[in-house]
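Okay, so here's the structure we're looking at.
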There are 2 protein chains.
Amino acid sequence: MDSRPYALFIERLRGAGLRPTRQRIALAKLLFDGPDRHVTAENLHMEAQENAVRVSLATVYNTLHQFTDAGLLREIVVDSNRCYFDTNVDDHHHFFYEDSGRLEDIPGAEVEITRLPAAPEGKTVSRVDVVVRVTS
Amino acid sequence: MDSRPYALFIERLRGAGLRPTRQRIALAKLLFDGPDRHVTAENLHMEAQENAVRVSLATVYNTLHQFTDAGLLREIVVDSNRCYFDTNVDDHHHFFYEDSGRLEDIPGAEVEITRLPAAPEGKTVSRVDVVVRVTS
DNA sequence: GTGATTGCAAATCTTTTGCACTAAA
DNA sequence: TTTAGTGCAAAAGATTTGCAATCAC
C-alpha cells in the first residue's frame, strides 16, 4: 500500500504530460502501486473512499480517460454496460468470467494467431483483441 | 423486402419456443429476410418505424434479448456503450471500424488461432471472440 | 378464458457536461 | 497571475421494469 514513494508517481504523471494533482497522484498510487489490475470507475471510486482519498466520481471518470489517452491504462471492452480499465498496457489478451464479470490477463505469448485477414483497403489495424469467455 | 413468406418466420419463432406475435414476426422479417446484418436496438426500432411496423423500443429490446437467448441472434461486444446484435450466429469474428462504429464479419475460417491457454480450473470456454479494430 | 406479450412511462445505471471554485506552475 | 483541474449537481444516453391493456392459443 505504501511501498513506493509518491515521487515515482509524480514523475510518471509528468512524463505523461499530466499535472500531478492531489487526486491524480492518489489514483495513480492506487492503480500502479502493486500488481496489474482491472478496474471500473465505480470500483476505483469506492476504493479511493475506503482509503480516505477525497475525489469525486466525475474526476475518477475523467482521470481514467486521461490516463488511457496518455497510455498509462488500456480500456477493455467485454461488457456492453461497463468500462474496464487495465493497468497492463502491454500486448495481451483476456479471460472473461461471464458469471462474475471478472477479468484475467492472458500474456500475449500464450495466444498465437497464425491467420488473419488483411485490413480493409485504406484502413490500419489498431489492435487485435482476443477475449476468451468462460463459465462454470 | 417481401421475398419470403411470413410462414417461414412464424415457423422459425415456434421452433425457437417463442410465440409468433405480430411484433416478433415483423422484427424477425426485418432481421432475417436478407443477408446477415448487425443491428442495435435503436437502429432496428427506427427501421421498424420506417417500415410502418408499430412496435415500442422496449419491445425491441426485449425481443432482441429473447432472440439472443433462443439462439437466433448473437450479441457482440465491441463498444461499452451500445449493444450490437448479429444475425450471423455461426463461428466467426469481426472487424470493428472505430471511427464509424461499423461492424463487419470475418468468416471463422479466415482466423486461425494455434495457441490458446487452457480454461481455468473448473471453467469451460463458452466462446473465443476476436475483434480486429481498424482506423483510417 | 388464461397466461404470455406488449406499450408506455417511469426508473435505473453508467457516463458526460457546465460552471463556479481551487490549485499548480 | 494564469491556466489547468476539480467537485457538484444536473444532463444525457442506453437499457430495464412495473403494470394495465391486449393478444395468442
Side-chain angles (χ1 to χ4, degrees), chain A residues 6-7 9-30 38-49 52-70 72-73 75-85 101 103, chain B residues 6-7 9-30 38-49 52-70 72-73 75-85 101 103:
Chain A
Y6 281 98
F9 300 108
I10 293 177
E11 201 153 319
R12 189 157 183 183
L13 289 171
R14 282 230 171 75
L18 296 168
R19 264 197 202 177
T21 64
R22 180 178 63 74
Q23 290 86 343
R24 286 180 181 157
I25 296 167
L27 294 177
K29 197 162 171 55
L30 289 174
H38 304 104
V39 302
T40 63
E42 194 67 49
N43 194 319
L44 181 61
H45 182 235
M46 262 172 47
E47 190 180 348
Q49 302 201 311
V53 173
R54 283 185 40 263
V55 59
S56 72
L57 182 56
T59 296
V60 173
Y61 272 103
N62 291 335
T63 303
L64 285 172
H65 285 126
Q66 289 154 358
F67 282 13
T68 302
D69 291 344
L72 302 177
L73 291 176
E75 195 176 340
I76 311 170
V77 181
V78 279
D79 180 331
S80 42
N81 231 315
R82 193 177 239 71
C83 275
Y84 289 82
F85 294 86
L103 270 173
Chain B
Y6 280 97
F9 300 109
I10 293 178
E11 201 152 318
R12 189 156 183 183
L13 289 172
R14 282 229 172 77
L18 296 169
R19 267 199 201 176
T21 64
R22 178 177 65 74
Q23 291 84 342
R24 285 180 182 158
I25 297 167
L27 293 178
K29 198 164 170 53
L30 287 175
H38 305 103
V39 302
T40 63
E42 194 68 48
N43 192 322
L44 182 60
H45 183 235
M46 260 175 44
E47 191 180 348
Q49 302 201 309
V53 174
R54 281 182 43 260
V55 60
S56 73
L57 182 57
T59 296
V60 172
Y61 272 104
N62 290 335
T63 303
L64 285 172
H65 285 127
Q66 289 154 356
F67 283 13
T68 301
D69 291 344
L72 302 178
L73 290 177
E75 195 176 340
I76 311 170
V77 181
V78 279
D79 180 333
S80 43
N81 230 313
R82 193 178 240 68
C83 276
Y84 287 81
F85 294 86
L103 270 174

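Per chain, numbering begins at 1; letters A, B, ... match sequence-line order.
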B/E75 CD: over 12 foreign heavy atoms closer than 6.0 Å: yes
Under 4.0 Å, counting only non-hydrogen atoms across every strand here, what does A/H45 touch: a base, just sugar-phosphate, or nothing? nothing
A/A58 side chain, from C-beta outward: closest of D/dC25, C/dA9, D/dC8: D/dC8
Using only side-chain N and O atoms of A/R24, determine if any of them is under 4.0 Å from OP1 or OP2 of D/dG5. yes
In whole angstrom, what separates B/N81's CG from D/dA11's P? 20 Å
Expected output: side-chain A/H45 to main-chain A/V55 donor-acceptor under 3.5 Å: yes
Starting at CD1 of A/I25 and ending at P of D/dG5, how long is that distance when rounded to a whole Å? 13 Å
C/dA4 P sits how many Å from B/N62 CG, rounded? 15 Å
To the nearest angstrom, how far is A/D79 atom CG from C/dT14 atom P? 10 Å
Does the side chain of B/Q66 come within less than 4.5 Å of B/D69's, by heavy atoms? no
Just how far, in rounded Å, is C1' of C/dA24 from CD of A/E11? 17 Å
B/L18 has an atom CG; how far is it from atom C1' of D/dC23, in whole Å? 15 Å
Comparing nearest nucleotides in DNA chain D, the 5'-proximal residue of the pair B/E42, B/T21 is B/E42
Strictly distance-based, threshold 3.5 Å: is any side-chain N or O of B/R24 a donor or acceptor partner for the main-chain N or O of B/R19? yes
side-chain N/O A/H65 vs C/dT15 OP1/OP2, d < 4.0 Å: no
Between atom CG in A/L64 and atom P in C/dT16, what is the gap in whole Å? 10 Å
Starting at the 5' end of DNA chain C and moving along, which residue's nearest nucleotide shows up first, A/R22 or B/V60? B/V60
Just to confirm, is there a sub-4.0 Å distance from OP1 or OP2 of C/dT6 to any side-chain nitrogen or oxygen of B/T59? no
Does a side-chain N or O of A/R14 approach OP1 or OP2 of C/dA25 to a distance below 4.0 Å, or not? yes
Closer than 4.0 Å, any side-chain N/O of B/Q23 to the OP1 or OP2 of C/dG7? yes
B/N43 CG to D/dA14 P: how many Å, rounded? 11 Å
Is it the case that the side chain of B/Y84 and the backbone of B/G101 share a donor-acceptor pair, with hydrogens and angles ignored and the cut-off at 3.5 Å? yes
For B/L57 and for B/R19, locate the closest nucleotide of DNA chain C by heavy-atom distance; then report the residue assigned to the nucleotide nearer the 5' terminus. B/R19
Does a side-chain N or O from A/Y61 land closer than 4.0 Å to OP1 or OP2 of C/dT15, or not? yes
